[in-house]
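Single-structure report; data block below.
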Amino acid sequence: MTPDDSDHLMLAAYLDGELSPGETIAMERRLEADPELRRLRDALSNLSGTVHDLVAETPVPPDLSARVRGQIARTQSLPRRRETPSWQRIAAALVVGLLVGGPLGYGLSQVAAPPRSNAIEDAIFASHLRGLAAPQPFDIASSDRHTVKPWFNGRTAIAPDAPDLAAQGFPLVGGRVDIVGGAPVPTLVYRRRQHVISVTVVPRSEVGAPGRDRREGSGIERWTASDLGYFATSDLNSKELGEFTEAFRAATAPAG
């Protein structure tokens, strides 16, 4: 099925981490089933990266917003010779939205809207829920850290340590690849009785201040170590999730 304009907008919001956890899960399922939608996702992701690089390298004139709006108004007043394909119209709107200060996915209608500060955590929480909804919460099933860690090589930019915490009551059961901010990231999967613990590892720059949150009955612990950031998500009670975090951090701490 050919994606329509609403699909473009939802994909843009998905790549920006602006969807709710439920919407993110629904979009990921659609992407798995629809190759045309995946092609569009890749195109928008490449476009976003290109524009972000351009904006980072090129100072934006203070009057750019007014100039762009004026140009759009003049263009809309001209007679149309042919219809522009919908994906090109959406892509153009996204570029303009970025250049005048709006977040990717909202286009010109939301030029002044600020990005959500917890978009990374939203995406990680949605991925945790997606794992719980799947037949198994992992892509590779193994309790051997020497199997899980190298499995990520070539699949994600990070291949994190996967400590064996079975002695502390938190056995490693596998790993999976999640999509956060449009990029594949590694997630280690542990268990505590019937509870799943997802440990998602991202670059340190993607993590705000270390701390903890609770949402929809689940806890999220976040911390940093070296150049990496960690999010541990589970419906465990706060005490046991804190114990897991302490055990994980102790097992992955540099020697000496």
Side-chain angles (χ1 to χ4, degrees), residues 17 19-26 28-29 116-145 147-149 151-152 155-156 158-181 183-204 206-225 228-253:
L19 298 182
S20 68
E23 290 172 329
T24 300
I25 293 172
E28 289 177 347
R29 288 174 175 169
R116 293 166 61 184
S117 60
N118 62 345
I120 295 297
E121 189 170 295
D122 286 347
I124 288 172
F125 181 62
S127 295
H128 172 72
L129 295 182
R130 178 177 61 83
L132 295 180
Q136 295 292 343
F138 39 69
D139 297 329
I140 177 175
S142 177
S143 60
D144 184 355
R145 61 192 180 94
T147 297
V148 175
K149 176 180 171 65
W151 180 83
F152 289 108
R155 292 180 170 88
T156 62
I158 300 170
D161 289 336
D164 180 3
L165 303 178
Q168 292 90 333
F170 304 100
L172 174 70
V173 295
R176 68 172 183 266
V177 174
D178 288 330
I179 303 298
V180 175
V185 298
T187 293
L188 306 170
V189 183
Y190 292 81
R191 284 195 184 274
R192 176 74 158 184
R193 300 183 299 277
Q194 300 303 312
H195 301 276
V196 172
I197 307 170
S198 299
V199 181
T200 303
V201 188
V202 299
R204 183 187 183 113
E206 301 289 353
V207 183
R212 62 180 58 178
D213 291 313
R214 287 200 70 83
R215 58 173 72 190
E216 300 181 24
S218 294
I220 301 175
E221 297 262 356
R222 61 182 181 275
W223 71 95
T224 59
L228 298 178
Y230 298 83
F231 292 81
T233 309
S234 179
D235 62 354
L236 270 174
N237 61 71
S238 298
K239 178 178 180 295
E240 289 183 294
L241 185 57
E243 291 172 353
F244 168 81
T245 299
E246 291 177 6
F248 188 100
R249 297 184 70 171
T252 56

Please evaluate residues Ile220 and Arg212 with respect to the criterion side-chain contact (heavy atoms from CB on, under 4.5 Å), reporting the C-alpha separation (whole Å), side-chain torsions for both, the decisive distance (0.1 Å), and the verdict.
CA-CA 5 Å; Ile220 301 175; Arg212 62 180 58 178; over 6 Å; no
Checking side-chain contact (heavy atoms from CB on, under 4.5 Å) for the pair Glu206/Val180: CA distance, chi angles, key distance, verdict?
CA-CA 10 Å; Glu206 301 289 353; Val180 175; over 6 Å; no
Go through Arg130 and Asp178 one step at a time and tell me if the side-chain contact (heavy atoms from CB on, under 4.5 Å) criterion holds.
CA-CA 9 Å; Arg130 178 177 61 83; Asp178 288 330; 2.6 Å; yes
Begin from the C-alpha positions of Glu240 and Arg193 and carry the test salt bridge (charged side-chain N to carboxylate O under 4.0 Å, His left out) through to its verdict.
CA-CA 11 Å; Glu240 289 183 294; Arg193 300 183 299 277; 2.9 Å; yes
Any chance you could lay out the side-chain contact (heavy atoms from CB on, under 4.5 Å) test for Arg215 and Asp122, step after step, and finish with the verdict?
CA-CA 10 Å; Arg215 58 173 72 190; Asp122 286 347; 2.6 Å; yes
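A donor-acceptor contact closer than 3.5 angstrom links the side chains of Ser198 and His128.
Atoms CD and CG, from Glu243 and Asn237 in turn, are 8.0 Å apart once rounded to the nearest 0.5 Å. Note: Trp223 CH2 to Leu228 CG = 11.0 Å, rounded to the nearest 0.5 Å. Considering CZ of Arg222 and CG of Asp213, their distance stands at 4.5 Å, rounded to 0.5 Å. Note that CD1 of Ile140 is 6.5 Å distant from OG1 of Thr147, once rounded to the nearest 0.5 Å. Interatomic distance, Ile124 CD1 to Leu129 CG, rounded to the nearest 0.5 Å: 12.5 Å. Taken from CD1 in Ile158 to NZ in Lys149, the straight-line distance is 10.5 Å, to the nearest 0.5 Å.
Considering every non-hydrogen atom in both Val148 and Ser142, the closest pair reads CG2-O, 3.7 Å. Heavy-atom minimum distance, Pro184 versus Ile179: CA-CD1, 3.8 Å. In this structure, Ala232 and Leu241 approach most closely via the heavy-atom pair O-CD2, 4.1 Å. Closest of all the heavy-atom pairs between Pro137 and Arg176 is O-NH1, 2.8 Å. Across all non-hydrogen atoms, the minimal contact from Phe125 to Ser218 is CE1-CB, 3.7 Å.
Two residues are said to be in side-chain contact when any heavy atoms from C-beta on lie closer than 4.5 Å; Asp139 and Val177 meet this criterion. Counting heavy atoms from C-beta outward, Leu188 and Pro160 have side chains that approach closer than 4.5 Å. Looking at Tyr190 and Pro163, their side chains come closer than 4.5 Å, going by heavy atoms from C-beta outward. Side-chain contact between Val207 and Phe231 is present, with heavy atoms from C-beta onward closer than 4.5 Å.
Under a cutoff of 6.0 Å and an axis angle of 45°, Arg192 and Phe244 do not form a cation-pi pair.
Formation of a donor-acceptor pair under 3.5 Å by the Ser143 side chain with backbone atoms of Leu172 is not found in this model. Within the 3.5 Å criterion, the main-chain N or O of Gly217 finds a donor-acceptor partner in the side chain of Arg214. Counting only distance, with no hydrogens or angles, the side chain of Arg145 and the backbone of Asp161 share no donor-acceptor pair below 3.5 Å.
The ring of Tyr230 has its center closer than 6.0 angstrom to the ring center of Phe248.
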